[in-house]
Engineer: 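Sharing a structure here in structure tokens format.
Computed from heavy atoms alone, side chains included, the values below leave out hydrogens, waters and symmetry copies.
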Amino acid sequence: MKKLIIYGAGVQTRQFLTEIEHYGTADPAALTVDRDYLKEDRVFGLPVIAFEDLAQYPPEDYDMLVIGAYGRQRLVENMYRKAKEKGYRLINYISPQALIDVEPVMGDNNIIYAGAFLGFDGQMGSGNIIRQQVYLGHEFRIGNLNVFSPGCNIGGMVHVGDRCWIGLGANVRDKISIGDDCTIGMGAAVVKSVESYAVATGVPARVVA
């Protein structure tokens with residue numbers, strides 16, 4: 001396995017570094033950020049390099065994982081594109097402490113944290129983050145660049161589009177759809193489908209924006 005360059009140096013990257021330090025499941029060599037965001041030389045003992053100056057870490061020798069700021073999925077999407085254009089292979093990270101019936105069909109640059117449960121016959125695209133204690137029911141269909149916050153419960157045969165944020169402890173009933181660019185509030189109980197670009201919150205969840 002190649003050593004890993006992590007694109008991003010914020011709080012979510014620090015959380016990921018804590019995870020892999022605990023479980024020893026990846027070998028990071030450096031962090032990178034766009035030059036305009038370069039504020040410190042080292043994070044958790046790793047060098048932080050401007051993305052424009054990565055020649056010393058060529059894609060022939062290093063893989064990459066993009067971890068941007070939560071809630072800024074359009075920015076993460078752009079980072080993902082730039083990493084691919086540089087020729088890096090973007091890995092999936094699946095914690096050894098995740099519970100997976102059958103590994104889902106998935107794209108790349110997904111992060112599945114310890115304590116997550118994924119049901120059988122699931123599919124997901126790229127750039128998704130599945131946090132701790134998330135339950136994804138059987139036959140889920142997930143697009144790209146979604147964040148599932150800790151403690152979410154997603155029923156079986158649920159479809160989620162792209163760039164959605166599912167808040168802490170939200171519950172989504174089985175066999176419904178959530179469109180693109182949706183925000184589901186903390187603790188919401190989603191019992192019917194949600195159209196794209198909506199903000200839904202409450203018990204039962206109602207669209208508020």
Engineer: Check Pro59 against Lys2 and note the closest heavy-atom contact, atom names and distance.
Structural biologist: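 In terms of heavy atoms, the two residues are closest at O-NZ, 3.1 Å.
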
Engineer: Less than 4.5 Å apart, any side-chain heavy atom of Phe44 and any of Thr13?
Structural biologist: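 Heavy-atom side-chain distance check fails, nothing below 4.5 Å.
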
Engineer: Hey, is Glu60 close enough to Lys86 for a salt bridge, meaning N to O under 4.0 Å?
Structural biologist: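 Judged by the 4.0 Å cut-off on N to carboxylate O distance, Glu60 and Lys86 do not form a salt bridge.
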
Engineer: Taking the side chain as C-beta and beyond, is there a heavy-atom pair between Met157 and Asp174 under 4.5 Å?
Structural biologist: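 Met157 vs Asp174: side chains apart.
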
Engineer: Without swapping roles, check the side chain of Ser149 against the backbone of Ile166 for a donor-acceptor pair under 3.5 Å.
Structural biologist: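 The answer is yes, because a donor-acceptor pair under 3.5 Å joins these two groups.
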
Engineer: Glu139 vs His159, test: side chain to side chain contact (heavy atoms under 4.5 Å, CB included). Steps then yes/no.
Structural biologist: CA-CA 9 Å; Glu139 300 168 272; His159 289 214; over 6 Å; no

Engineer: Return the minimal non-hydrogen interatomic distance between Val203 and Gly187, and the atom names on each side.
Structural biologist: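 Taking every non-hydrogen atom into account, CG2-O, 3.5 Å.
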
Engineer: Out of curiosity, Asn78 CG to Arg72 CZ, how far, rounded to the nearest 0.5 Å?
Structural biologist: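 Asn78 atom CG to Arg72 atom CZ measures 11.0 Å (nearest 0.5 Å).
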
Engineer: Between Ser193 and Ile176 (side chain of the first, backbone of the second, donor and acceptor by atom type, cut-off under 3.5 Å), is there such a pair?
Structural biologist: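 A pair under 3.5 Å: no.
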
Engineer: Assigning hydrophobic clusters by single linkage (Ile, Leu, Val, Met, Phe, Trp, Tyr; side-chain heavy-atom cutoff under 4.5 Å), is Ile178 placed with Phe140?
Structural biologist: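 Yes.
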
Engineer: Quick one: closest heavy-atom pair of Ala188 and Ile184, and the distance?
Structural biologist: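 Ala188 and Ile184 have their closest heavy atoms at CB-CG2, 3.9 Å.
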
Engineer: Can a side-chain donor-acceptor contact be found between Tyr7 and Asn109 if the only test is distance below 3.5 angstrom?
Structural biologist: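 No, Tyr7 and Asn109 have no side-chain donor paired with an acceptor closer than 3.5 Å.
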
Engineer: Between Val172 and Ile154, is there a side-chain heavy-atom distance shorter than 4.5 Å?
Structural biologist: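 A side-chain contact under 4.5 Å exists here.
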
Engineer: Between OG of Ser126 and NZ of Lys84, what distance do you get to the nearest 0.5 Å?
Structural biologist: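 Atom-to-atom, Ser126:OG and Lys84:NZ are 6.5 Å apart.
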
Engineer: Just wondering, are more than 12 heavy atoms of other shown residues or ligands nearer than 6.0 Å to CD in Glu21?
Structural biologist: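 Open.
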
Engineer: So Tyr62 and Tyr57, would you call those rings parallel, tilted or perpendicular, with 30° and 60° as cut-offs?
Structural biologist: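 Geometry flag for Tyr57 against Tyr62: perpendicular rings.
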
Engineer: Let me see the working for Val134 and Tyr113 under side chain to side chain contact (heavy atoms under 4.5 Å, CB included), right down to the final yes or no.
Structural biologist: CA-CA 9 Å; Val134 169; Tyr113 278 98; over 6 Å; no

Engineer: Evaluate salt bridge (charged side-chain N to carboxylate O under 4.0 Å, His left out) for Asp121 paired with Arg141, printing each intermediate quantity in order.
Structural biologist: CA-CA 9 Å; Asp121 194 25; Arg141 299 291 183 265; 3.7 Å; yes

Engineer: Output, in order, the C-alpha distance, side-chain angles, deciding distance and verdict of side chain to side chain contact (heavy atoms under 4.5 Å, CB included) for Thr183 and Val199.
Structural biologist: CA-CA 5 Å; Thr183 298; Val199 177; 4.2 Å; yes

Engineer: Less than 4.5 Å apart, side chain to side chain, heavy atoms only: is that true for Asp63 and Lys3?
Structural biologist: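 Asp63 vs Lys3: side chains apart.
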
Engineer: Hey, what's the ring geometry for Tyr135 with Phe117, parallel, tilted or perpendicular (30° and 60° as the breaks)?
Structural biologist: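 Tyr135 vs Phe117 ring planes: parallel.
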
Engineer: Side chains of Val33 and Val48, heavy atoms from C-beta outward: is any pair under 4.5 Å?
Structural biologist: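 Yes, their side chains come closer than 4.5 Å.
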
Engineer: Look up atom CD1 in Ile6 and atom CG in Leu65, then write down how far apart they are to the nearest 0.5 Å.
Structural biologist: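 Taking CD1 in Ile6 and CG in Leu65, the distance rounds to 6.0 Å.
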
Engineer: Where is the tightest heavy-atom contact between Cys182 and Gly179, given as atom of each residue plus distance?
Structural biologist: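 Looking at all heavy atoms of both residues, the shortest contact is SG-O, 3.7 Å.
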
Engineer: Taking the side chain from Arg42 and the backbone from Gly45, do they hold a donor-acceptor pair closer than 3.5 Å?
Structural biologist: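 Judged by distance alone, yes, a pair lies under 3.5 Å.
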
Engineer: Using ring centroids (six-membered ring only for Trp), state whether Phe51 and Tyr37 fall under 6.0 Å.
Structural biologist: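 Not under 6.0 Å, so no.
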
Engineer: From Leu136 CG over to Asn128 CG, what is the distance, rounded to the nearest 0.5 angstrom?
Structural biologist: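 The distance works out to 9.5 Å.
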
Engineer: Mark yes or no for whether Asp180, through its side chain, and Asp162, through its backbone, hold a donor-acceptor pair below 3.5 Å.
Structural biologist: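 Yes.
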
Engineer: Side-chain donor-acceptor pair under 3.5 Å between Tyr23 and Ser95, yes or no?
Structural biologist: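 No pair is found: no donor N or O on one side chain lies under 3.5 Å from an acceptor on the other.
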
Engineer: So do the side chains of Asp181 and Arg74 get within less than 4.5 Å of each other, counting heavy atoms only?
Structural biologist: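 A side-chain contact exists here, since the closest heavy-atom pair is under 4.5 Å.
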
Engineer: Determine yes or no for a side-chain-to-main-chain donor-acceptor pair under 3.5 angstrom, with Asn92 supplying the side chain and Asn110 the backbone.
Structural biologist: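 Flag set: sc Asn92 to bb Asn110 pair under 3.5 Å.
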
Engineer: At their closest point, which heavy atom of Ile112 faces which heavy atom of Leu118, and how far apart are they?
Structural biologist: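 Where Ile112 meets Leu118 most closely, the heavy atoms are CD1-CD2, 3.7 Å.
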
Engineer: Transitively linked via ILVMFWY side-chain contacts under 4.5 Å: Ile67 with Ile94?
Structural biologist: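 Looking at the clustering, Ile94 is in a separate group from Ile67.
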
Engineer: Output the distance between atom CD1 (Ile20) and atom CD (Gln15), rounded to the nearest 0.5 Å.
Structural biologist: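 It comes to 12.0 Å.
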
Engineer: Would you say the side chains of Glu19 and Tyr93 form a donor-acceptor pair under 3.5 Å?
Structural biologist: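 Yes, a side-chain donor-acceptor pair sits under 3.5 Å.
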
Engineer: Checking the side chain of Asn146 only, and the main-chain atoms of Gly161 only, is there a donor and an acceptor separated by less than 3.5 Å?
Structural biologist: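 Looks like yes, one N/O pair under 3.5 Å.
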
Engineer: Can a salt bridge be assigned to the pair Arg81 and Glu85 using a cut-off of 4.0 Å between side-chain N and carboxylate O?
Structural biologist: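 Yes, this pair counts.
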
Engineer: Does a sphere of radius 6.0 Å around CD in Glu52 hold more than 12 heavy atoms from other residues, nucleotides or ligands, not counting ones at 6.0 Å or beyond?
Structural biologist: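 Counting neighbours around CD of Glu52, more than 12 heavy atoms of other residues, nucleotides or ligands fall under 6.0 Å, so yes.
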
Engineer: Would Asp108 and Arg89 count as a salt bridge (charged side-chain N to carboxylate O under 4.0 Å, His left out) if you check the C-alpha gap in whole Å, the side-chain angles of each, and the deciding distance to 0.1 Å?
Structural biologist: CA-CA 9 Å; Asp108 55 15; Arg89 184 179 79 97; over 6 Å; no

Engineer: Are Val147 and Ile111 connected, step by step, through hydrophobic side chains (Ile, Leu, Val, Met, Phe, Trp, Tyr) whose heavy atoms are closer than 4.5 Å?
Structural biologist: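 Yes, because Val147 and Ile111 connect within a single hydrophobic cluster, where side-chain heavy atoms sit under 4.5 Å apart.
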
Engineer: Set out, in order, the CA-CA distance, both residues' side-chain angles and the distance that settles side chain to side chain contact (heavy atoms under 4.5 Å, CB included) for Gln123 and Met106, then state yes or no.
Structural biologist: CA-CA 6 Å; Gln123 295 181 19; Met106 67 173 74; over 6 Å; no

Engineer: Spell out, as yes or no, whether a donor-acceptor pair under 3.5 Å connects the side chain of Gln73 to the backbone of Leu145.
Structural biologist: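 Judged by distance alone, yes, a pair lies under 3.5 Å.
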
Engineer: To the closest 0.5 Å, what do you measure between NE2 (His22) and CG (Leu17)?
Structural biologist: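 Answer rounded to 0.5 Å: 14.5 Å.
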
Engineer: Is the Lys NZ or Arg CZ of Lys82 less than 6.0 Å from the centre of Tyr88's six-membered ring, within 45° of the axis?
Structural biologist: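 No, a cation-pi geometry is absent between Lys82 and Tyr88.
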
Engineer: Quick one: closest heavy-atom pair of Gly125 and Asn144, and the distance?
Structural biologist: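 Shortest heavy-atom contact: CA-OD1, 3.3 Å.
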
Engineer: Just do the salt bridge (charged side-chain N to carboxylate O under 4.0 Å, His left out) check on Asp53 and Arg35 with the steps written out, would you?
Structural biologist: CA-CA 9 Å; Asp53 299 330; Arg35 184 175 286 111; 2.8 Å; yes

Engineer: Is Ile49 close to Leu54 at the side-chain level, that is, under 4.5 Å between some pair of heavy atoms?
Structural biologist: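 A side-chain contact exists here, since the closest heavy-atom pair is under 4.5 Å.
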
